[in-house]
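Worksheet: one structure, shown below.
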Amino acid sequence: MELASLKNKWSLLMNKEHTEKHRNNSTFWVIVQKEFSDYISSWRIIILLAIILLTCVGSLYTAVTTIQDAIDANESAEEIGRSSYLFLQLFTTSDGTLPSFITFVGYLGPLLGIALGFDAINSERNKGTLSRLMAQPIPRDYVINGKFVAALLLSSLLFLILGLLVMSMGILILGIPPTIEEFFRILFFLVSCIVYIAFWLNLSILFSVTFRQAATSALSSIAIWLFFSVFYTMIINLIAKSLLNSDSITTVAQAIGRQEFVLNLLRLSPNYLFSEATTTLLSPSVRSLGPLTMEQTVGAVASPLPLFQSLLLIWPQLTGMIAATMICFVIAYILFMRQEIRAN
């Protein structure tokens with residue numbers, strides 16, 4: 001009898017834990033659904049998404065016209081596509097009137113991440129809805145996790161649509177489908193874009209948790225974006241000008257060491273990491289991201305790198321962006337969990 005009673009109690013306990021877990025999971029996805037619907041109904045996000053869509057369509061049009069003009073009359077587009085990765089050029093080619101697709105993503109992607117996260121927490125606090133939300137029987141971390149997941153889903157959906165749009169327009173206009181390698185290169189390029197936007201999203205959420213005013217968190221995020229986009233490269237170039245002075249370099253090893261030091265300084269910028277990763281993925285002819293000696297280049301065959309080798313080449317860049325994203329999220333998470341939330 002006692003054994004049967006213990007079994008019944010254990011069964012009831014396990015059923016209760018399962019029910020509680022299922023209820024918590026459903027609550028989390030309700031928060032994600034609510035935040036996602038708020039994003040897609042916000043005029044700020046709608047306008048920004050429209051700008052990104054229009055600019056990417058414009059860059060796609062200039063790329064297609066440039067490629068069509070470059071196709072030789074004696075050679076078919078299919079033969080050119082096999083030899084020169086024609087589909088990848090849709091993302092990198094420009095005729096000079098508009099920047100390429102990859103350039104637009106590098107500039108507008110951070111703005112999307114900042115717009116999605118700069119008022120994620122402080123706006124709820126200023127409206128007084130955060131304290132009412134915390135009064136409900138839901139875990140506190142569901143709030144910040146739900147906002148991040150909803151914003152990440154929106155950006156992932158956007159870039160997946162843009163990638164499919166570029167490929168479909170390329171097939172319709174050029175008349176050739178992408179190869180398997182081109183398809184996976186484009187897929188990994190889109191993943192890199194999502195990771196890059198996730199960094200700026202988490203950075204803006206961190207400022208939203210830190211500062212009470214949404215304007216302050218937005219200006220702080222934009223200031224860091226401008227610093228890395230414009231001023232950081234200028235500062236590194238000034239440092240490199242003195243370090244790479246030919247009068248102070250006596251050996252080849254010293255020259256290579258200083259060049260690698262300058263490159264490592266540049267790689268502290270998420271913009272530069274994203275540029276290296278995407279350029280390597282969309283340009284298979286890129287075989288190295290650092291200085292090479294004559295001995296290292298002897299015997300090298302001038303041919304495009306396979307996809308797996310390109311992924312190995314950019315693995316440190318992808319790891320760096322993911323690590324920076326996780327650091328920003330962990331700091332924002334800890335600060336939010338430790339904050340005291342009072343009703344206004």
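Computed over heavy atoms, backbone and side chain alike; hydrogens, waters and symmetry mates excluded.
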(request) Determine yes or no for a side-chain-to-main-chain donor-acceptor pair under 3.5 angstrom, with Glu182 supplying the side chain and Thr179 the backbone. (result) yes
(request) Would you give the length of the straight line joining atom CD of Glu260 to atom CZ of Arg267, rounded to the nearest 0.5 angstrom? (result) 8.5 Å
(message) Please check: side-chain N/O of Ser37 versus main-chain N/O of Gln33, any donor-acceptor pairing under 3.5 Å?
(response) yes
(message) In terms of relative ring orientation, are Phe188 and Phe184 parallel, tilted or perpendicular, with 30° and 60° separating the classes?
(response) tilted
(message) Please tell me whether Trp43 and Phe36 are part of a single hydrophobic cluster in this structure, the criterion being side-chain heavy atoms less than 4.5 Å apart.
(response) no
(message) So, applying side-chain contact (heavy atoms from CB on, under 4.5 Å) with Pro110, which one of Phe274, Tyr196, Phe228 is it?
(response) Tyr196
(request) Please round to the nearest 0.5 Å and tell me the distance separating atom CG of Asn271 and atom CE of Met321. (result) 10.5 Å
(request) Would you check if Val262 and Ile236 make a side-chain contact, meaning some heavy-atom pair closer than 4.5 Å? (result) yes
(message) Return the CG to CD1 distance between Asn122 and Ile205, rounded to the nearest 0.5 Å.
(response) 11.0 Å
(message) Please check if the number of heavy atoms outside Ile180 that lie under 6.0 Å from its CD1 is greater than 12.
(response) no
(message) Distance check, rounded to the nearest 0.5 Å: Ile224 atom CD1 versus Leu203 atom CG?
(response) 4.5 Å
(message) For the CD1 atom of Ile327 and the CG atom of Asn202, what is their distance to the nearest 0.5 Å?
(response) 11.0 Å
(request) Would you mind reporting whether Leu201 and Ser155 have side-chain heavy atoms less than 4.5 Å apart? (result) no
(message) Taking Thr278's backbone N and O only, do any of them form a donor-acceptor pair with Ser192's side chain (distance below 3.5 Å, no angle check)?
(response) no
(message) Show every salt bridge (Lys or Arg N to Asp or Glu O under 4.0 Å) that has at least one partner inside residues 217-230, sequence neighbours left out.
(response) none
(request) Go through the structure and list residues passing ring-ring contact (aromatic ring centres under 6.0 Å, His included) with Phe183, not counting sequence neighbours. (result) none
(request) Looking only at non-hydrogen atoms, find the nearest pair between Leu318 and Ala277 and report the distance. (result) CD2-CB, 4.3 Å
Considering only distance and modelled atom types, tabulate donor-acceptor pairs under 3.5 Å from the side chains of residues 157-175, sequence neighbours left out.
| from | atom 1 | to | atom 2 | distance (Å) |
| --- | --- | --- | --- | --- |
| Ser168 | OG | Leu164 | O | 3.0 |
| Ser168 | OG | Leu165 | O | 2.9 |

(request) Measure from the side-chain N and O atoms of Tyr39 to the backbone N and O of Leu116, and report whether any donor-acceptor pair falls under 3.5 Å. (result) yes
(message) Check for me, please, whether Phe261 and Leu266 land in the same ILVMFWY cluster - side-chain distances under 4.5 Å, paths through other members count.
(response) yes
(request) Could you state whether Val195 and Met326 fall into the same hydrophobic cluster, counting links through intermediate Ile, Leu, Val, Met, Phe, Trp or Tyr residues with side-chain heavy atoms under 4.5 angstrom apart? (result) yes
(request) From the options Pro270, Cys328, Ser221, select the one residue that forms a side-chain contact (heavy atoms from CB on, under 4.5 Å) with Trp200. (result) Pro270
(request) Please confirm whether the backbone N or O of Ala214 pairs with a side-chain atom of Asp119, one donor and one acceptor, at under 3.5 Å? (result) no
(message) Using side-chain heavy atoms (C-beta onward) and a distance below 4.5 Å, is Gln309 in contact with Leu312?
(response) yes
(message) Is there a path of hydrophobic side-chain contacts, each under 4.5 Å between heavy atoms of I/L/V/M/F/W/Y residues, joining Leu219 to Phe211?
(response) no
Taking only distance into account, with no hydrogens and no angle test, what donor-acceptor pairs under 3.5 Å do side-chain atoms of residues 48-60 form with protein atoms, sequence neighbours excluded?
| from | atom 1 | to | atom 2 | distance (Å) |
| --- | --- | --- | --- | --- |
| Thr55 | OG1 | Ile51 | O | 2.8 |
| Thr55 | OG1 | Ile52 | O | 2.9 |
| Ser59 | OG | Thr55 | O | 3.3 |
| Ser59 | OG | Cys56 | O | 2.8 |

(request) To the nearest 0.5 Å, tell me how far Lys147 NZ sits from Ile144 CD1. (result) 9.5 Å
(message) Are Ile334 and Phe148 linked, directly or through intermediate hydrophobic residues, by side-chain heavy-atom contacts shorter than 4.5 Å (ILVMFWY only)?
(response) no
(request) Return each pair, listed once, that meets ring pair (Phe, Tyr, Trp, His ring centres under 6.0 Å) where at least one residue sits in residues 91-123; pairs must be two or more places apart or across chains. (result) Phe91-Phe101, Phe91-Phe189
(request) Report yes or no: does Arg125 contribute a side-chain atom to a donor-acceptor pair with the main-chain N or O of Arg212 at less than 3.5 Å? (result) no
(request) Show your reasoning for whether side chain to side chain contact (heavy atoms under 4.5 Å, CB included) applies to Tyr272 and Leu263. (result) CA-CA 10 Å; Tyr272 193 80; Leu263 280 176; 3.3 Å; yes
(message) Using every non-hydrogen atom in the two residues, find where Ala115 and Ile45 come nearest and quote the distance to one decimal.
(response) O-CD1, 3.9 Å
(message) Restricting to side-chain contact (heavy atoms from CB on, under 4.5 Å), what partner residues turn up for Ser156, sequence neighbours left out?
(response) Leu152, Ile194
(request) Check Ser217 against Ser208 and note the closest heavy-atom contact, atom names and distance. (result) CB-N, 3.8 Å
(message) Check whether Arg185 reaches the backbone of Leu281 with its side chain - one donor and one acceptor, N or O, closer than 3.5 Å.
(response) yes
(request) Applying side chain to side chain contact (heavy atoms under 4.5 Å, CB included), run through Ile114 and Phe207 and close with a yes or a no. (result) CA-CA 10 Å; Ile114 292 172; Phe207 286 133; over 6 Å; no
